[in-house]
Amino acid sequence: MSNQDDLPTLKQDDQLAEPLRRVSYEAGMMLGLEATRDEQAYHRRRLTRHQYWLHGYGTLAGLHVSMAPDSHENDTDDVLVRLQVSPGIAIDGLGREVLVHETYCINLRQWLEAQSEGDLLEGFDGDTERLWLRVSVRQKDCPLARQPVLTRKLNLSTDAVQPSRTADSVQLELSPELPPGPDERFAPWASHPPVTDAVPGLTAVEQQTLDALELDNPAAAAQLSLHARLLHALDAGGVATTNLADELEAGARLLLARISISTPDPVNVVVNPQRISINNLVRPFLTTASQLAWLHRQG
């Protein structure tokens with residue numbers, strides 16, 4: 001499926017500032033295709049917004065990126081290496097559920113040969129002589145079960161068909177990208193700016209409340225200080241996302257791992273497990289109530 005086929009869903013899911021509306025049913029009312037689509041969209045978008053704002057984005061379980069084979073007797077042979085992503089579940093950058101039900105793999109040599117020199121240079125660090133790759137995933141619609149339909153325009157076709165179902169699928173991507181610098185700011189939402197580190201200006205009574213809590217319970221005071229910052233987290237752009245119209249895919253992508261390949265030349269890469277390292281721990285993770293309860297019991 002082309003990215004163009006997925007664009008309407010991306011646009012709809014990105015419109016977090018648009019008030020939702022549901023169908024108001026009345027006896028005798030004539031309802032058409034638009035009404036049934038609005039009914040589906042209402043419930044779907046309520047769920048994605050709940051996940052986006054209340055849970056954030058990241059991996060829940062699985063989606064481990066690995067390579068096979070993971071070792072070799074030397075680092076000079078060119079070896080057939082497959083990158084693999086294990087089954088798992090996550091929430092992408094727009095709050096959509098990502099479910100990978102089986103292992104996916106890609107031949108690294110074939111992928112490298114399909115890339116242009118300009119694309120590979122985007123992930124090449126000449127100082128360390130390393131080619132950096134990013135593995136990401138996002139939710140993607142998959143139309144299926146095509147059935148005959150009535151043509152809506154003259155002379156289009158005598159056997160027009162349209163998909164009768166839309167399956168929730170995924171799009172896994174491997175792309176050259178230099179790793180960004182460290183950023184310790186609190187970023188609870190993928191498509192909104194991080195929360196500022198500075199506590200906003202407080203009124204006298206607000207400051208007194210925070211100071212008094214600091215003396216009695218420093219942990220609770222730190223939490224209240226974060227809440228004070230969250231009060232102004234949407235001041236700059238409001239509820240709308242920061243994604244540009246031509247960058248909706250970038251806002252939806254969820255980082256899974258960063259891969260580095262030791263090579264002096266990004267075009268002529270020796271594919272060898274001894275030259276490849278994979279870091280799965282740079283990805284964002286989602287923390288659930290059961291995880292916190294287990295960690296509390298361990299403490």
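Numbers here are sequence positions counted from 1. In this text, all values refer to a predicted model and were calculated from it rather than measured experimentally.
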Could you list the donor-acceptor pairs under 3.5 angstrom formed by side chains in residues 261-272, with sequence neighbours left out?
| unit_1 | atom_1 | unit_2 | atom_2 | d |
| --- | --- | --- | --- | --- |
| T263 | OG1 | D265 | N | 3.2 |
| T263 | OG1 | D265 | O | 2.7 |
| D265 | OD1 | V267 | N | 3.0 |
| D265 | OD2 | N268 | ND2 | 2.7 |
| N272 | OD1 | Q274 | N | 2.8 |
| N272 | ND2 | N74 | O | 3.0 |
| N272 | ND2 | D77 | O | 2.8 |

Without placing hydrogens or testing angles, list every side-chain donor-acceptor pair under 3.5 Å for residues 225-233, not counting sequence neighbours.
| unit_1 | atom_1 | unit_2 | atom_2 | d |
| --- | --- | --- | --- | --- |
| R229 | NE | T196 | O | 2.8 |
| R229 | NH2 | T196 | O | 3.4 |
| H232 | ND1 | D235 | OD2 | 2.7 |

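- In this model, no donor atom of one side chain and acceptor atom of the other lie less than 3.5 Å apart for Q139 and Q171.
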Determine whether L94 and R253 satisfy the following criterion, side chain to side chain contact (heavy atoms under 4.5 Å, CB included), listing intermediate values before the conclusion.
CA-CA 8 Å; L94 289 178; R253 291 185 183 109; over 6 Å; no
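- No side-chain heavy atom of Y57 sits under 4.5 Å from any side-chain heavy atom of W189.
- Counting heavy atoms from C-beta outward, R134 and I259 have side chains that stay 4.5 Å or more apart.
- Here the side chains of L174 and W111 are in contact, with some heavy-atom distance below 4.5 Å.
- K140 and D168 are not joined by a salt bridge, as no carboxylate oxygen comes within less than 4.0 angstrom of a charged side-chain nitrogen.
- Ring-centre distance between H192 and W53: below the 6.0 Å cut-off.
- In this structure, Q84 and M67 have side chains that are not in contact, with every pair of non-hydrogen atoms separated by 4.5 Å or more.
- Residue pairs meeting the side chain to side chain donor-acceptor pair (under 3.5 Å) criterion with at least one member in residues 20-35, sequence neighbours excluded: Y25-E39.
- Side-chain contact between S175 and L133 is absent, with no heavy-atom pair separated by less than 4.5 Å.
- R283 places a side-chain N or O within donor-acceptor distance of the main-chain N or O of N280, the cut-off being under 3.5 Å.
- Residues I91 and V98 have side chains not in contact (no heavy-atom distance under 4.5 Å, counting atoms from C-beta outward).
- In this structure, a donor-acceptor pair under 3.5 Å is present between the side chains of N243 and S191.
- To the nearest 0.5 angstrom, D141 atom CG is 9.0 Å from Q12 atom CD.
- Not one N or O on the side chain of R82 forms a donor-acceptor pair closer than 3.5 Å with the backbone of S66.
- Each salt bridge (charged side-chain N to carboxylate O under 4.0 Å, His left out) pair with one or both residues in residues 104-115, not counting sequence neighbours, appears once here: D78-R109.
- Among residues two or more places apart in sequence or in another chain, the salt bridge (charged side-chain N to carboxylate O under 4.0 Å, His left out) test is passed with D92 by R96.
- To the nearest 0.5 Å, the span separating CG on L244 from CG on D14 amounts to 9.5 Å.
- For the residue pair S86 and T103, no side-chain donor N or O sits within less than 3.5 Å of a side-chain acceptor on the partner.
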I'd like to know whether T59 forms a side chain to side chain contact (heavy atoms under 4.5 Å, CB included) with L286, so could you lay out the CA-CA distance, the side-chain angles of the two residues, the decisive distance to 0.1 Å, and finally the verdict.
CA-CA 6 Å; T59 298; L286 284 176; over 6 Å; no
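- Rounded to the nearest 0.5 angstrom, R130 CZ and T128 OG1 are separated by 6.5 Å.
- Both V65 and I106 are assigned to one and the same hydrophobic cluster, defined by single-linkage of ILVMFWY side chains at heavy-atom distances under 4.5 Å.
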Determine whether E177 and R258 satisfy the following criterion, salt bridge (Lys or Arg N to Asp or Glu O under 4.0 Å), listing intermediate values before the conclusion.
CA-CA 9 Å; E177 182 185 80; R258 293 197 181 276; 2.8 Å; yes
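- In this structure the side chain of I89 never reaches within 4.5 angstrom of the side chain of V100, judged on heavy atoms.
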Which pairs of donor and acceptor atoms, one on a side chain in residues 213-221, lie under 3.5 Å apart (sequence neighbours left out)?
| unit_1 | atom_1 | unit_2 | atom_2 | d |
| --- | --- | --- | --- | --- |
| N217 | OD1 | A219 | N | 3.3 |
| N217 | OD1 | A220 | N | 3.1 |

For the pair L99 and V170, evaluate side chain to side chain contact (heavy atoms under 4.5 Å, CB included) and give the outcome as yes or no after the intermediate values.
CA-CA 7 Å; L99 175 62; V170 299; 5.7 Å; no
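- Within the 3.5 Å criterion, the main-chain N or O of V205 finds no donor-acceptor partner in the side chain of Q208.
- Although no hydrogens or angles enter the test, the distance criterion places no donor-acceptor pair under 3.5 Å between the side chain of D38 and the main chain of V23.
- Taking the side chain as every heavy atom from C-beta outward, S136 and L172 never approach each other to under 4.5 Å.
- Atom-to-atom distance recorded for L248:CG and K11:NZ is 7.5 Å, nearest 0.5 angstrom.
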